[in-house]
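Only one structure is covered here, and it is reproduced in the block below.
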Protein chains: 2
Amino acid sequence: MAEAAVARRSRITPEREAELYEAVLDLLREVGYDALTMDAVAARTRSSKATLYRQWGGKAELVVKAVRHSKPGKTGEIDTGTLRGDLHALVELDDDCTIEQNSALMRGVAMAMHNNADLRRVFRDQFIEPEMAEFRRVIQRAVDRGEVRPDCPALDFLLHMLVGGFATRALLDDQPPSRAFLLSYIDAVVLPALGVPTP
Amino acid sequence: MAEAAVARRSRITPEREAELYEAVLDLLREVGYDALTMDAVAARTRSSKATLYRQWGGKAELVVKAVRHSKPGKTGEIDTGTLRGDLHALVELDDDCTIEQNSALMRGVAMAMHNNADLRRVFRDQFIEPEMAEFRRVIQRAVDRGEVRPDCPALDFLLHMLVGGFATRALLDDQPPSRAFLLSYIDAVVLPALGVPTP
């Protein structure tokens, strides 16, 4: 297994991989998930479809990897000493422009997910689970510090709260989520639900 | 204005109107919003397109009215004496089967909304605003009773919390929202965010 993984990874360089993901995201923004084809990715990146399938397995895997790759991923470095500080720092990793772009990208993928059980599975396994693992570390530290009770019922709905706020902003208010919106939402909803006092 | 409204409404009976909305919802479930045409509605209901346009103005208006009409709309009769009681009673208006159907319908409309500013406007004016007016009455009674502080920051995010929980259930957990899920979510997230103690 380990040998196979190395052999598979060694076929392309990290630079080439980043270039490919960028092309996939460009196509995703241009045509949306449903109309995006492996043929178009192959043409845009001058690679063979065989290589794409060998490397990623399929369109859902490739798109989810590309979306995940677009996140700066400095989450692991955040440790401010309070839950509020950590959640604010997470929001502040991105500027408003990046948040808006991510929101548009995620909307495109979420729309496709509704009709596509395969994409939902890949998205859960390769996007939500790794993201949740990061969040669980942040929350576990808050529990260890005594900020959040280990049996707090809102812990079961962490992702529903966070994704819900992010996703409903565009739908309900006809504007993309911004840093200011997300920070207010964390202070007004997420922290009180977790029993953490806010200033 | 009042005369015009009466003249416009008087063209079809309430029974015929209900029949039309049912046909629109059937079509919506069958083909989705984007593929639903006024031609198909006219054919299915044996009405003329001219009548449909005169009565509803356009596809977005007709679909949103049909979705809104599908809700039992007994919200106004609920007044249990506590916010928790009122929110639970709201959820319990529908059984799991109806909640699942509504969830599928709303997903279909929400998907179309992402690419359709006209539908977003009509949906906000004719669905979200009337629904919010109901919620505001429920919440205002809770504020008047002293259950919720009038300056509680979560009041600005009421709809984001509620729609977020409802909408993310299918996306994140691959199962439709149920009564049990919504009641737990209200107790774990919505009430604590509003500063209302739960048992």
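Within every chain, numbering begins at 1; the chains are lettered A, B, ... in the order of the sequence lines, protein sequences first and strands thereafter.
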Q: Let me know if Ile128(A) has heavy atoms under 4.5 Å from chain B in its side chain, its backbone, both or neither.
A: side chain
Q. Counting heavy-atom pairs under 4.5 Å to chain A, which of Leu159(B), Leu194(B), Thr198(B) comes out on top?
A. Leu159(B)
Q | Heavy-atom side-chain contact between Phe157(A) and Arg169(B) under 4.5 Å | A | no
(Q) Surrounding CZ of Arg16(B) (heavy atoms of other residues, nucleotides or ligands, distance under 6.0 Å), is the total greater than 12? (A) yes
Q: Flag the one option from Gly32(B), Ala117(B), Cys152(B), Ser184(B) with the top tally of heavy-atom pairs under 4.5 Å to chain A.
A: Ser184(B)
**Q.** Over all atoms of both residues, closest heavy-atom pair of Ala188(B) and Ala154(A)
**A.** O-CB, 3.4 Å
**Q.** Derivation of the side chain to side chain contact (heavy atoms under 4.5 Å, CB included) call for Phe166(A) and His160(B)
**A.** CA-CA 9 Å; Phe166(A) 187 80; His160(B) 300 90; over 6 Å; no
(Q) Heavy-atom count check: over 12 atoms from other residues, nucleotides or ligands less than 6.0 Å from Arg136(B) CZ? (A) yes
**Q.** Residue Ala167(B) versus chain A: region with a heavy atom under 4.5 Å
**A.** neither
Q: Heavy atoms only, distances under 4.5 angstrom: which of Thr168(B), Leu191(B), Leu162(B) has the most pairs with chain A? Name it, please.
A: Thr168(B)
